[in-house]
Amino acid sequence: MTMKGAEVLLHCLQEEEVEVIFGYPGGAVLPIYDALYASDIKHVLVRHEQGAAHAADGYARATGKVGVCLATSGPGATNLVTGIATAYMDSIPMVAFTGQVPTPLIGRDAFQEADITGITLPITKHNYLVQHSRDLARVVKEAFHLARTNRPGPVVVDLPRDIMAREVDPSEQQAEIGLKGYRVVRNCNMGQVLLAVNAIEKAERPVIYAGGGVIGSDASETLQELALKRDIPVTTTLMGVGCFPETHHLSLGMLGMHGTRYANYAVSESDLLIAVGVRFDDRVTGKISSFAPHARVIHIDIDAAEIGKNYGVDIPIVGNVKQVLEEIVIRLQPREGRCEWHHTIDRWKEQFPLVYPESYEDGRIPPQFVVEQIYQVTEGEAIITTEVGQNQMWAAQFYKYTRPRRFITSGGLGTMGFGLPAAIGARIGCPHLPVINIAGDGSIQMNIQELCTAVEQRLPVITCILNNHYLGMVRQWQQLFFNGRYSYTDMSQQPDFVKLAEAFGAVGIRVKKAEDVVPAIEEALTVTDRPVVIDFWVTREANVFPMVPPGESLYNMLGGDE
Amino acid sequence: MIMKHTLSVIVENHPGVLARVAGLFRRRGYNIDSLTVGRTENPAISRMTIVVEGDDVLIEQVTKQLHKLVEIMKIQDITDEPSVDRELVLVKVKADAQVRGEIMQIVEIFRARIVDIGPNSLIIEATGDENKINAIEDSLRPFGLLELVRTGKVAMVRGGR
């Protein structure tokens with residue numbers, strides 16, 4: 001019996017339990033699409049390949065499974081690049097399949113040829129160009145294994161058209177993983193664990209600094225055990241939002257450039273920082289030389305290269321975050337009762353709560369109010385995706401997340417245009433949860449064509465545009481650091497988002513008054529068969545505060561202190 | 001302390017491995033002093049010898065980042081190991097009849113070889129550790145170096161495996 005290469009590929013995807021592919025057809029992938037025509041695997045036809053990559057990414061973030069996208073050669077493949085880089089920076093498991101010109105034409109500048117393995121070299125965990133039919137099953141198996149194990153990340157598999165079209169003998173396929181140089185991390189150094197236990201028991205002012213690695217290794221519950229066993233306050237990075245319930249009294253919310261004052265003060269005053277699944281990103285640390293100046297630092301991460309990359313630590317532990325936390329928790333003596341440290345933090349919380357002005361001079365709706373109402377109406381149970389900029393920071397600050405995988409945002413790369421396609425992927429992965437994309441009027445225009453995808457898929461994803469008619473975050477920096485010279489950030493020229501939504505076949509709602517915010521969200525949540533766009537006209541010049549100015553120490557914040 | 005480190009790196013002999021290593025160095029801003037690559041006794045495996053300059057923190061980062069490349073099987077910093085390292089140089093040096101004798105003496109001292117004789121030049125081949133190659137280069141420089149090419153270092157740890 002023989003099968004075509006494309007059929008072998010789809011068979012392999014079924015072995016990997018792939019439920020859905022986000023893709024866009026083209027010449028080089030015609031054999032794959034021909035095989036998909038008769039396949040049980042669901043295919044979601046996006047309207048731009050970038051949307052396919054972000055949707056696969058959103059699906060992966062919401063479910064913890066590997067996201068899969070597919071594009072043709074050349075421009076199809078290069079359109080995936082931003083999405084692949086987004087997944088790479090946030091360590092999201094993804095496999096991106098690209099078509100390639102037939103093997104005899106590779107290297108001859110053939111029509112729609114692009115060296116996608118070369119292009120994606122620095123933004124993938126690994127990539128492959130399949131050059132022989134016999135390698136196909138092995139490569140696919142390795143790609144999924146690499147994407148999901150150790151520190152997850154995107155893997156690109158480039159598939160020449162002739163290899164997909166050619167008949168192959170399935171018995172020639174080697175399904176064994178090679179990967180001689182790749183080992184799944186299974187153990188951690190117990191000596192280091194004991195040092196950590198000792199340091200935690202001795203600490204008087206400990207803080208947990210938790211990031212995306214906690215969510216990636218499904219360690220949220222273990223992290224909570226650790227925090228509760230010793231009453232340790234927890235702050236999270238943007239990527240870690242939701243790994244510790246923000247409604248809990250030990251939660252400090254987010255730290256960093258737009259973190260809470262109390263989180264940044266706590267880190268700055270702590271004598272022990274327990275850094276878990278984080279990478280000491282510059283948006284978190286501020287001026288690195290004055291980050292956590294009084295603290296000994298425990299750093300737990302599965303990627304040894306993160307230890308000491310940006311910041312010298314005292315007790316590094318390389319290992320699976322969940323496993324390491326379990327080893328620590330089991331050895332810790334419980335300690336309950338509140339001490340001076342908790343009182344200090346309570347005072348900061350009282351003195352510097354996350355607040356915003358009740359009204360602004362221009363009389364438009366405070367954007368933070370919209371996010372708060374989304375939280376209230378959904379009772380904190382929605383999946384929130386975001387675009388990038390002010391909308392993203394307010395979505396992180398004013399919605400209280402209590403579970404992992406409910407806040408989906410492009411943290412590392414900061415990709416505008418991420419939120420809508422990511423919401424589509426998240427909703428397909430979690431069809432029973434409301435999915436709301438909190439957007440800005442700038443970013444939503446970057447991948448707005450994906451509304452058509454959501455209409456076709458009958459997906460009730462809700463986009464809430466916080467429309468200030470500006471590229472708000474850049475405008476904020478221009479106001480604060482460039483003497484108010486608003487160079488090309490005014491977005492007053494924009495489409496009528498309500499009419500645009502309707503033109504796509506979605507529901508469009510415009511809200512200009514604060515009292516209409518809740519009814520609009522409630523109305524949107526009743527729609528079950530198509531996407532909704534709510535165009536909230538918010539205050540034009542609201543700023544995200546507190547703010548650590550770039551290059552400043554974490555404890556030198558602007559705003560949020562009135 | 002900033003010093004030169006010699007990394008012996010065992011990699012799978014796949015197309016593109018060199019590009020991955022070179023790309024990593026470029027992207028992270030590490031400077032390669034020299035890099036050699038060739039296959040080993042096992043044709044499926046190649047060995048790279050990479051000389052990179054930096055302090056301990058940088059070398060640790062280089063090593064860890066290299067380890068993340070899937071096709072890299074083993075990395076050893078052999079800077080402080082008892083090891084043999086060699087480099088080969090080809091030098092084309094100006095050599096008219098008057099100075100040939102003097103050059104040949106230098107070649108003799110360094111146990112180098114003359115591998116080509118032209119009307120006004122000689123090509124000299126020498127192998128040795130980095131210091132010896134530097135020394136021969138310096139000794140020949142006064143005669144006029146027309147061309148020079150060095151292979152970069154290859155190295156191997158002494159004794160049993």
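Residue numbering restarts at 1 for every chain, and letters A, B, ... go by the order of the sequence lines. Just the heavy atoms: all of them, side chains too, but no hydrogens, waters or symmetry mates, feed the values below.
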Asker: Is it the backbone or the side chain of A:Glu142 that comes under 4.5 Å from a heavy atom of chain B, or both, or neither?
Answerer: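 Neither part, no heavy atoms under 4.5 Å.
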Asker: Given a strict heavy-atom distance threshold of 4.5 Å, which part of A:Leu179 is in contact with chain B: side chain, backbone, both, or neither?
Answerer: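 For A:Leu179, the contact with chain B is made by backbone and side chain together.
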Asker: Would one find more than 12 heavy atoms of other residues, nucleotides or ligands at under 6.0 Å from atom NZ of B:Lys68?
Answerer: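 Yes, the 6.0 Å shell around NZ holds more than 12 heavy atoms from other groups.
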Asker: Is any side-chain heavy atom of B:Ile59 closer than 4.5 Å to one of B:Asp77?
Answerer: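 SC-SC contact between B:Asp77 and B:Ile59 confirmed.
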Asker: Highest number of heavy-atom pairs under 4.5 Å with chain A: which of B:His67, B:His14, B:Gln65, B:Arg20?
Answerer: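 Of B:His67, B:His14, B:Gln65, B:Arg20, B:Arg20 has the most heavy-atom pairs under 4.5 Å with chain A.
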Asker: Take B:Thr49 and B:Ser8 through the side-chain hydrogen bond (donor to acceptor under 3.5 Å, both in side chains) test and state the conclusion after the steps.
Answerer: CA-CA 5 Å; B:Thr49 306; B:Ser8 172; 5.4 Å; no
Asker: If I take atom CG from residue A:Asp301 and atom NZ from residue A:Lys309, how far apart are they, to the nearest 0.5 angstrom?
Answerer: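 Spacing of CG (A:Asp301) from NZ (A:Lys309) equals 9.5 Å.
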Asker: Among residues 143-158 of chain A, which residues come closer than 4.5 Å to chain B, judged by heavy atom distances?
Answerer: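 Within residues 143-158 of chain A, the residues under 4.5 Å from chain B are A:Leu146, A:Arg151.
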Asker: Taking the side chain as every heavy atom from C-beta outward, state whether B:Leu18 and B:Leu35 have any atom pair closer than 4.5 Å.
Answerer: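 They are in contact (side-chain heavy atoms under 4.5 Å apart), so the answer is yes.
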Asker: Answer with yes or no after comparing the ring centroid distance for A:Tyr182 and A:His126 against a 6.0 Å cut-off, counting only values under it.
Answerer: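 Ring-ring flag for A:Tyr182/A:His126: false, centres at least 6.0 Å apart.
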Asker: Check the surroundings of atom NZ in A:Lys287: do more than 12 heavy atoms from other residues, nucleotides or ligands lie under 6.0 Å from it?
Answerer: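 Not buried by this count: 12 neighbours or fewer within 6.0 Å.
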